[in-house]
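Below is one structure, written out as structure tokens, with a few remarks after it.
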Amino acid sequence: MIVKDELGPEYIVKVYDPEIGMEGFLVIDNTVLGPGKGGIRMTPDVTEEEIFRLARTMTYKCALSGLPFGGAKGGIVWKGGDKDLKKKFIQGFAKKIKPFLPKLYIAGPDVNTGEIEMKWFVEATGIFNSATGKPRNFCFVKNKKKKKCGIPHEIGTTGFGVAQATKVAADILGLDIKGATVSIHGFGNVGSFTFKFLKKMGAKVIAIADKSGVIFSEKGFDENLIEEIIKKKKEVIHYRGKAKKLKAEDFWEIPVDILIPASVTDVINENNKDKIKTKIIVEGANIPMREEIEEELFKKGILIVPDFVANAGGVITSFAEWKGYDLKKPFELIEKKIKKATQIVLRESLKKNINPRKVAINLAKEKILSKVKSKK
């Protein structure tokens, strides 16, 4: 259901290109703090409601991170096809929504879109700042003085942020991240980099799932063999080390200290919520479960770091690109901002026994509504 309240949504746009059959949605939820920021998702079953939920998440995420952006999200119904067709879909969508760019909406990567798609998007609009997450060698020179280049999310900033949030949550519960057992659902850009950064911290990832299935090893995984999978973009069932291959539904039954959903919307649902055995859930993916399920798990004693707190690394990177910073700056900003936000939200949650999402939403709303009052 699309909720209409004091925040928004300000615009709900539906587009269709009869020539190629491209259907898409743009939801600009709130622009009080700045232009709506949010990626473009390309999946076969993306809906207007899903895009609204994601746009609202971006509203909270940008406000809580202290960024000069509002919340928005784009979605394209993508049943699959070759590179040429995908480019036509991206560029067709870009041209249809151009009147909103970049004053009211700035695009970015999301599911099935990355640096190449963002380059296509900008080429179609002719506006360099109409999207972030572009390739590093895709640059714009203004007045022969200031050179701005893309910062692709493929450098791992979102996963870095998820790992930082995980460490803070573990510390607050008195759980040593060194040796803590972790399971990761989804092994794309976010999940794979979360794995790398948690391994550096000494955590023990014992289960990884993607669309191909689940690999499980009580002793953890060989980092070099996992790196081989990531580099060659293989599915996790092709892991060559010692590990059990399990069915997709078995993933949720594995007891771990920390569970990280980093795949798709509503991956934790009525079918698997009662199987989960963990102390902490860190939401690497956007809206990995509905709020009522999140509330239920919180009441069972699971500490949950909400998506718009844990995975804000992507939009913080977008801010760094928008400002023209170098590649070091996003990591510095992410560590500072995500650590701070996670600490504030979780401490307040435990102090008052309130679901962390409610705490974080209230904090984000306060920032937005106080801005509205100051303008009056």
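Under the side-chain hydrogen bond (donor to acceptor under 3.5 Å, both in side chains) rule, Thr132 has a single partner from Glu321, Lys37, Glu115, which is Lys37. Of the residues Arg41, Arg56, Lys73, the one that meets the salt bridge (charged side-chain N to carboxylate O under 4.0 Å, His left out) test with Glu50 is Arg41. Applying the salt bridge (charged side-chain N to carboxylate O under 4.0 Å, His left out) test between Lys358 and each of Glu348, Glu291, Glu295 identifies Glu295 as the sole match.
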Task: Test side-chain contact (heavy atoms from CB on, under 4.5 Å) applied to Met42 and Ile90, step by step - done: CA-CA 9 Å; Met42 294 184 75; Ile90 286 281; 3.6 Å; yes
TODO: Give the C-alpha distance, both sets of side-chain angles, the deciding distance and a yes or no for side-chain contact (heavy atoms from CB on, under 4.5 Å) between Glu6 and Lys365.
DONE: CA-CA 10 Å; Glu6 72 270 30; Lys365 276 186 176 179; 3.7 Å; yes
TODO: Could you please spell out the steps behind the side-chain contact (heavy atoms from CB on, under 4.5 Å) verdict for Val309 and Leu346?
DONE: CA-CA 10 Å; Val309 178; Leu346 295 188; over 6 Å; no
TODO: Dump the intermediate steps for salt bridge (charged side-chain N to carboxylate O under 4.0 Å, His left out) on Arg53 and Asp266, then the final yes or no.
DONE: CA-CA 11 Å; Arg53 289 170 66 200; Asp266 296 329; 3.1 Å; yes
Task: side-chain contact (heavy atoms from CB on, under 4.5 Å) assessment of Lys234 paired with Ile229 - done: CA-CA 5 Å; Lys234 289 184 175 181; Ile229 284 175; 4.3 Å; yes
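No continuous path of ILVMFWY side-chain contacts below 4.5 Å connects Phe93 to Val111, so the two sit in separate hydrophobic clusters. Ile260 and Val264 are not part of a single hydrophobic cluster, where members link through side-chain heavy atoms under 4.5 Å apart. Leu246 and Val236 fall into different hydrophobic clusters, defined by Ile, Leu, Val, Met, Phe, Trp and Tyr side-chain heavy atoms under 4.5 Å apart, directly or through other members. Residues Ile106 and Leu54 do not share a hydrophobic cluster, defined by chaining ILVMFWY side chains whose heavy atoms lie under 4.5 Å apart. A single hydrophobic cluster is not seen to contain both Ile304 and Ile354; linkage of ILVMFWY side chains at heavy-atom distances under 4.5 Å, directly or through other members, places them apart.
When all heavy atoms of Phe319 and Leu333 are compared, the closest pair comes out as CD2-CD1, 4.2 Å. Nearest heavy atoms, Gly75 versus Ile51: CA-CD1, 3.6 Å. Residues Val305 and Ala165 come closest through the heavy atom pair CG1-CB, 4.2 Å. Shortest non-hydrogen contact noted between Val282 and Ala310 is CG1-CB, 3.7 Å. Across all their heavy atoms, Val267 and Pro261 have their closest contact at CG1-CB, 4.1 Å. Of all the heavy atoms in Gly159 and Phe197, the pair that sits closest is C-CD1, 4.0 Å.
Checked by atom type and distance alone, the side chain of Thr113 pairs as donor or acceptor with a backbone atom of Ile40 at under 3.5 Å. The main-chain N or O of Glu218 is found under 3.5 Å from a side-chain atom of Lys204 such that the two form a donor-acceptor pair. Of the possible donor and acceptor atoms, none in the side chain of Ser65 sits under 3.5 Å from a partner among the backbone N and O of Cys62. Side-chain N or O atoms of Glu117 include one that pairs as donor or acceptor with a backbone N or O of Gly114 at under 3.5 Å. Put simply, the side chain of Thr31 never gets that close to the backbone of Gly34: no donor and acceptor are under 3.5 Å apart. Remark: the backbone N or O of Gly174 is not paired with any side-chain donor or acceptor of Asp171 at under 3.5 angstrom.
Judged by the 6.0 Å distance and 45° axis criteria, Lys196 is positioned over the aromatic ring of Phe193.
A salt bridge links Arg290 to Glu49: one of the charged nitrogens lies within less than 4.0 Å of a carboxylate oxygen. Salt bridge status for Arg357 with Glu283: present, with a side-chain N to carboxylate O gap under 4.0 Å. For the pair Lys275 and Asp250, the salt-bridge criterion is not met [side-chain N within less than 4.0 Å of a carboxylate O].
Here the side chains of Arg347 and Lys351 are not in contact, with every heavy-atom distance at 4.5 Å or above.
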Can I get a per-line list of side-chain donor-acceptor pairs under 3.5 Å for residues 177-191, giving both atom names and the distance, sequence neighbours left out?
residue: Thr181; atom: OG1; partner: Asp257; partner atom: N; Å: 2.9
residue: Thr181; atom: OG1; partner: Asp257; partner atom: OD2; Å: 3.2
residue: His185; atom: ND1; partner: Ser263; partner atom: OG; Å: 2.8
residue: Asn189; atom: ND2; partner: His153; partner atom: O; Å: 3.4

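No side-chain donor from either of Thr57 and Asn286 sits under 3.5 Å from a side-chain acceptor of the other. Checked by atom type, the side-chain pair Asn311/Lys61 shows a donor-acceptor distance below 3.5 Å.
Around atom CZ of Arg136, more than 12 heavy atoms belonging to other residues, nucleotides or ligands sit under 6.0 Å away.
Note on ring orientation: taking the six-membered ring where Trp is involved, the planes of Phe140 and Phe128 are parallel (angle under 30°, cut-offs 30° and 60°).
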